[in-house]
Amino acid sequence: MAETKYEARLKTAYKEKFKAELQKELKLENINQVPELEKIIVSSGVGKKREDKRFTETVTLTLSKITGQAVTSRLAKKSIAQFKIRKGMGAPVGYLTTLRGDKMYEFADRLINVALPHVRDFHGVPGKSFDAKGNYSLGLKEQTVFPEISFEDAAVLHGIEVTFVIKNGTPEGSRKLLEKFGMPFEKESK
């Protein structure tokens with residue numbers, strides 16, 4: 001009996017349906033020019049609370065629960081006297097994890113279909129958060145919108161930054177890709 005290999009729902013939909021649709025909609029000659037999700041970076045800065053052990057433990061625990069992966073710490077890249085930060089020294093200023101493959105598509109699916117609908121007073125994600133290469137960044141004010149977070153984990157609130165890194169992306173093409181995945185962009189007022 002042959003085993004069937006598991007593949008994330010969004011990944012299957014992308015390969016079987018969305019890729020061809022995007023090629024047609026964006027009027028691309030080659031299927032390899034179609035925008036494709038390369039990785040998702042989930043991060044959180046700790047700011048002034050970098051010396052607070054309880055806060056940093058909560059951040060690392062939250063990010064690992066949400067993503068299902070180990071979290072790495074980031075040291076300061078620059079020295080900033082006002083914040084009492086010296087380049088590469090002292091406590092980490094942030095934590096992050098990078099998702100690829102099926103985990104990346106599973107996370108995108110949970111973010112779009114489970115977490116974002118739980119955001120209070122939600123009217124859609126901003127449509128102007130694309131960079132020149134078509135990568136999209138999204139900030140969440142608190143981690144409690146994810147179902148993996150228990151009441152104890154929510155005692156210390158912190159924000160989360162999610163960056164979708166898109167290969168062959170342009171702002172227009174990347175937006176169309178994320179719309180295919182179900183990303184709820186806010187309605188543009190005219």
Side-chain angles (χ1 to χ4, degrees), residues 1-44 61-72 95-119 122-140 142-150 153 159-188:
M1 192 161 99
E3 284 186 43
T4 56
K5 187 182 178 305
Y6 170 77
E7 188 170 72
R9 184 181 72 85
L10 281 181
K11 185 177 184 180
T12 305
Y14 174 76
K15 287 183 351 187
E16 294 175 0
K17 184 179 175 191
F18 300 156
K19 199 168 185 176
E21 288 176 4
L22 284 166
Q23 182 183 7
K24 201 176 280 184
E25 288 175 23
L26 296 171
K27 297 176 178 78
L28 300 171
E29 292 179 27
N30 190 334
I31 194 78
N32 295 322
Q33 294 174 314
V34 175
E36 181 179 358
L37 195 54
E38 186 176 338
K39 63 186 173 183
I40 296 177
I41 301 167
V42 184
S43 62
S44 184
L61 179 73
T62 300
L63 290 179
S64 62
K65 274 188 175 182
I66 289 170
T67 61
Q69 280 191 185
V71 178
T72 59
Y95 296 89
L96 70 89
T97 187
T98 303
L99 301 169
R100 298 175 196 273
D102 284 331
K103 278 190 176 182
M104 167 185 70
Y105 284 102
E106 284 295 326
F107 178 80
D109 202 0
R110 278 184 298 128
L111 174 71
I112 293 166
N113 297 310
V114 179
L116 288 178
H118 283 101
V119 174
F122 184 67
H123 300 292
V125 296
K128 296 181 179 6
S129 299
F130 289 95
D131 67 9
K133 294 182 180 179
N135 301 323
Y136 184 73
S137 293
L138 166 69
L140 299 171
E142 55 187 53
Q143 76 275 27
T144 58
V145 295
F146 288 94
E148 298 89 351
I149 303 304
S150 65
D153 299 333
I160 295 174
E161 178 82 18
V162 180
T163 303
F164 293 84
V165 178
I166 299 171
K167 190 169 94 177
N168 300 329
T170 61
E172 177 201 353
S174 296
R175 181 177 176 133
K176 285 192 182 290
L177 172 67
L178 293 176
E179 284 173 346
K180 295 275 186 205
F181 288 159
M183 184 70 79
F185 288 100
E186 41 183 29
K187 305 285 184 256
E188 307 262 334

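The shown structure was predicted, so the numbers you read here are calculated from the model rather than taken from an experiment. Just so you know, these numbers use all the heavy atoms, side chains as well, and skip hydrogens, waters and symmetry mates.
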Point-to-point distance, once rounded to the nearest 0.5 Å, from CG of Asn32 to NZ of Lys19: 6.0 Å
From Arg110 atom CZ to Thr67 atom OG1, the distance as rounded to the nearest 0.5 Å: 8.0 Å
Minimal non-hydrogen separation, Ile112 against Pro184, with atom names: CG2-CD, 4.3 Å
Residue pair Ile40 / Val162, side-chain heavy-atom distance below 4.5 Å: yes
Side chain to side chain contact (heavy atoms under 4.5 Å, CB included) between Glu106 and Leu99, intermediate numbers included: CA-CA 10 Å; Glu106 284 295 326; Leu99 301 169; over 6 Å; no
Sub-4.5 Å side-chain heavy-atom contact between Phe122 and Val145: no
Donor-acceptor under 3.5 Å (Ser44 side chain, Gly159 main chain): yes
From Tyr136 atom OH to Ser174 atom OG, the distance as rounded to the nearest 0.5 Å: 11.5 Å
Residue pair Leu28 / Pro35: nearest heavy atoms and the distance that separates them: CD1-CD, 4.3 Å
Shortest non-hydrogen contact from Arg175 toward Phe185: NH2-CB, 3.4 Å
Derivation and outcome, side chain to side chain contact (heavy atoms under 4.5 Å, CB included), residues Glu7 and Tyr105: CA-CA 9 Å; Glu7 188 170 72; Tyr105 284 102; over 6 Å; no
Intermediate values then yes/no, side chain to side chain contact (heavy atoms under 4.5 Å, CB included), Leu37 and Tyr14: CA-CA 10 Å; Leu37 195 54; Tyr14 174 76; over 6 Å; no
Whether Gln69 side chain and Thr98 backbone form a donor-acceptor pair below 3.5 Å: yes
Euclidean distance, Met183 CE relative to Leu111 CG, rounded to 0.5 Å: 5.5 Å
Shortest non-hydrogen separation from Ile31 to Gln23 and the atoms involved: CD1-OE1, 2.9 Å
Centroid separation Phe164 to Phe181 less than 6.0 Å: no
Main-chain N/O of Ala70 paired with Ser64 side-chain donor or acceptor, under 3.5 Å: no
Evaluation steps, side chain to side chain contact (heavy atoms under 4.5 Å, CB included), between Phe146 and Lys65: CA-CA 9 Å; Phe146 288 94; Lys65 274 188 175 182; over 6 Å; no
Ile66 CD1 to Ile160 CD1 distance, which is reported to the nearest 0.5 Å: 3.5 Å
Check: Asp109 main-chain N/O paired with Asn113 side-chain donor or acceptor under 3.5 Å: yes
Side chain to side chain contact (heavy atoms under 4.5 Å, CB included) partner of Val71, the single match among Thr62, Leu96, Leu63: Leu63
Minimum-distance pair of heavy atoms, taken over all atoms of Gln33 and Glu29: OE1-N, 3.3 Å
For Glu38 against Arg100, the heavy-atom pair lying closest together: O-CG, 4.2 Å
Crowding at NZ, Lys180 (>12 non-hydrogen neighbours, <6.0 Å): yes
Check: Ile166 main-chain N/O paired with Glu36 side-chain donor or acceptor under 3.5 Å: no
Check: Lys176 side chain, Glu25 main-chain N or O, donor-acceptor pair, under 3.5 Å: no
